Amino acid sequence: MIVWINGTFGAGKTSTARELAGLLPDSTLFDPEFIGDALRVLLPRKRLAEVSDYQDLPSWRRLVVDTAAAMLAELGGVLVVPMTVLRQEYRDEMFGGLAARRIPVRHVLLAPAETILRERIAAREEPGKSGEPGEPEAVDLRVRQRAYDHIAAYQQALGWLTADAHVIDNGVLSVRETAERIVEAVRTDTARVCDIVQTPEPTRETVAAGVLLFDERDRVLLVDPTYKPGWEFPGGIVEPGEAPARAGMREVEEELGLTLDRAPGLLVVDWEPPRHPAYGGLRLLFDGGALAEPDIAGLRLPGPELREWRFVTEPEAAELLPPQRYERLRWALRARERGRPLYLEAGHPTP
């Protein structure tokens with residue numbers, strides 16, 4: 001199990017994590033900050049200059065998941081992870097990767113009032129004044145300003161954070177008291193395991209079936225998964241012995257509560273090449289047709305896999321979908337207009 005302690009700079013994540021690791025039996029502290037430090041050394045400066053934060057590096061997010069899984073496989077018990085995550089798509093990607101490895105995550109947010117956050121940031125010791133070895137005082141001032149700047153991003157993220165995590169206002173609590181609150185929340189299941197789909201990672205190429213559904217304005221329905229970044233089509237992996245069109249129908253019913261009365265017609269077959277760590281495979285898109293108003297009114301999200309659904313135009317889809325997924329949609333819409341299916345490789349028709 002992982003206890004992930006979230007919060008902005010000054011919330012007390014690291015000190016609380018150290019205290020918590022001493023209170024929870026068989027627990028180990030894992031700070032993903034060290035992975036960021038390693039990537040600053042390992043990656044070329046040109047690549048590092050392309051991002052403003054190491055969290056924006058896909059390699060960092062992947063290594064956090066892989067390292068956490070490796071540590072738990074070797075040590076067992078509980079991993080205590082103090083790490084600020086303010087972008088929901090990064091939470092989706094990392095928590096989804098952990099869920100795929102059957103690793104439950106209890107997400108805790110330390111949320112003192114803004115005035116207390118600012119007081120704590122202002123009280124940070126400056127190496128130039130403490131006499132301890134370290135960087136010049138000016139560098140510490142830049143770090144402090146960055147902490148202040150993060151408060152706005154933290155406040156913008158509070159909507160999804162408070163809905164996702166167990167919130168503890170530790171403004172007037174000591175570090176020990178905060179850690180004890182977390183222990184109690186874990187023990188009583190108040191800080192419940194994150195409600196996120198746990199899809200096993202593939203070990204070889206897969207076949208996936210998606211279904212395109214439309215409204216009366218010919219907009220296409222997209223869904224927002226909780227377990228990975230970017231929007232998607234309703235659908236999923238075809239199970240052994242299952243017909244792809246039937247798999248698409250099953251996924252639509254599981255994800256949206258909608259029962260299709262007939263097998264959808266094929267629009268595209270797209271061969272997705274392997275790109276480490278993904279294995280690739282065949283991706284099929286089917287035409288589920290236009291939905292009547294009563295069907296749209298009855299759409300629901302019965303499971304934990306999806307956060308939202310919406311109908312979008314093709315240009316709007318280009319803003320929401322990852323590039324290769326958008327190319328697959330683009331050609332599926334052309335196939336629908338022409339009335340014949342297309343074969344694609346990596347999102348593009350073959351000559």
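In what follows, residues are counted from 1 in the order of the sequence shown. Remember, it's a predicted structure, so these values are computed and weren't measured experimentally.
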Run the salt-bridge test on [X] and [Y] with the 4.0 Å N-O cut-off and return the result as yes or no.
X: R181; Y: E177; value: no
X: R62; Y: E93; value: no
X: E308; Y: R310; value: yes
X: K13; Y: E33; value: no
X: R87; Y: D56; value: yes
X: R250; Y: E253; value: no

- Message: Show the nearest heavy-atom pair for residues G77 and L72, with the distance to one decimal.
- Response: O-CD2, 3.7 Å
- Task: Of all the heavy-atom pairs spanning P225 and E232, show the shortest one and how long it is.
- Result: CG-CB, 4.0 Å
- Step by step, work out the salt bridge (charged side-chain N to carboxylate O under 4.0 Å, His left out) result for D92 and R307. CA-CA 11 Å; D92 294 349; R307 180 181 298 112; 2.7 Å; yes
Members sharing [X]'s hydrophobic cluster (side chains within less than 4.5 Å):
X: I5; value: M1, V3, L20, L23, L24, L29, V78, V80, V108, L110, I168, L173, I182, V183, V186
X: V172; value: none
X: L342; value: L212, F214, V220, L222, W231, F233, L267, V268, L285, V312, L320, L321, Y326, L329, W331, L333, L344

- Before giving the answer on salt bridge (charged side-chain N to carboxylate O under 4.0 Å, His left out), spell out for D218 and R336 the whole-Å C-alpha distance, their side-chain angles and the decisive distance to 0.1 Å. CA-CA 11 Å; D218 226 24; R336 188 170 184 255; 3.1 Å; yes
Side-chain touch [X]/[Y], heavy atoms, less than 4.5 angstrom:
X: P274; Y: E205; value: no
X: E255; Y: L301; value: no
X: V65; Y: L63; value: no
X: L109; Y: Y154; value: yes

Answer yes or no: is there a donor N or O on one side and an acceptor on the other, between the side chain of [X] and the main chain of [Y], under 3.5 Å?
X: T16; Y: V175; value: no
X: E242; Y: E239; value: yes
X: E316; Y: T313; value: yes
X: D270; Y: A346; value: yes
X: W4; Y: L79; value: no

If you draw a 6.0 Å radius around [atom1] in [X], do more than 12 non-hydrogen atoms from other residues or ligands fall strictly inside?
X: E337; atom1: CD; answer: yes
X: D189; atom1: CG; answer: yes
X: R246; atom1: CZ; answer: no

- Sorted by chain and number, sequence neighbours left out, ring pair (Phe, Tyr, Trp, His ring centres under 6.0 Å) with Y90 holds for none
- Query: Taking only residues two or more places apart in sequence or in another chain, which ones pass ring pair (Phe, Tyr, Trp, His ring centres under 6.0 Å) with H150?
  - Reply: F9
- Decide whether T350 and E345 meet the rule of one side-chain donor and one side-chain acceptor closer than 3.5 Å. no
- Taking atom types as modelled, find out whether R283 and T206 have a side-chain donor-acceptor pair closer than 3.5 angstrom. yes
Compile the donor-acceptor pairs under 3.5 Å between side chains in residues 44-51 and protein atoms, sequence neighbours left out, one pair per line.
| unit_1 | atom_1 | unit_2 | atom_2 | d |
| --- | --- | --- | --- | --- |
| R47 | NH1 | E50 | OE1 | 2.8 |

- Between Y343 and W271, does the ring centroid distance fall short of 6.0 Å? no
- Query: Side-chain heavy atoms under 4.5 angstrom apart, residues restricted to Ile, Leu, Val, Met, Phe, Trp, Tyr: same cluster for M71 and V64?
  - Reply: yes
- Message: As a quick check of understanding, evaluate salt bridge (charged side-chain N to carboxylate O under 4.0 Å, His left out) for E314 and R219, giving each step before the final call.
- Response: CA-CA 7 Å; E314 188 173 338; R219 297 178 302 174; over 6 Å; no
